[in-house]
Visitor: 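Would you mind keeping the following structure in view while I ask a few things?
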Amino acid sequence: MFDARYVAFATISALLVISPGATMAVVLEAAVGEGRKAALYTVIGVNIANSSLALASALGMSFVFHQWPWTLQFVKGD
């Protein structure tokens, strides 16, 4: 049932998810430089930005699929 490629993918994905990235560095910088309240505002700002990007991406893909229906078949691989 589980292929070795799946296990490798899951392992690498888990490592990437738990590793700190650029966002963590920005939050840590705000926390050390300005304090806990600034770090909280930074986290809220990052979450708003990520949500906005996800919404824009979903709306953009929805527009593309609505205007050119054949692109959905292309993306699905049919």
Visitor: Please set out all donor-acceptor pairs under 3.5 angstrom arising from side-chain atoms of residues 13-21, sequence neighbours excluded.
Guide:
| unit_1 | atom_1 | unit_2 | atom_2 | d |
| --- | --- | --- | --- | --- |
| Ser13 | OG | Phe9 | O | 2.8 |
| Ser19 | OG | Leu15 | O | 3.4 |
| Ser19 | OG | Leu16 | O | 3.0 |

Visitor: So, taking the atom named CZ in Phe63 and the one named NE2 in His66, what distance separates them when rounded to the nearest 0.5 Å?
Guide: 8.0 Å
Visitor: Pairs under 3.5 angstrom only: tabulate donor-acceptor contacts from the side chains of residues 40-56 to other protein residues two or more places apart or in another chain.
Guide:
| unit_1 | atom_1 | unit_2 | atom_2 | d |
| --- | --- | --- | --- | --- |
| Thr42 | OG1 | Ala38 | O | 2.8 |
| Asn47 | ND2 | Val43 | O | 3.2 |
| Ser51 | OG | Asn47 | O | 2.9 |
| Ser52 | OG | Ile48 | O | 2.9 |

Visitor: Could you pull out all residues at least two apart from Leu28 that satisfy side-chain contact (heavy atoms from CB on, under 4.5 Å)?
Guide: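 With sequence neighbours excluded, Leu28 shows a side-chain contact (heavy atoms from CB on, under 4.5 Å) to Val32, given in chain and number order.
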Visitor: Run the salt bridge (Lys or Arg N to Asp or Glu O under 4.0 Å) test against Arg5 and tell me which residues pass, sequence neighbours left out.
Guide: Asp3
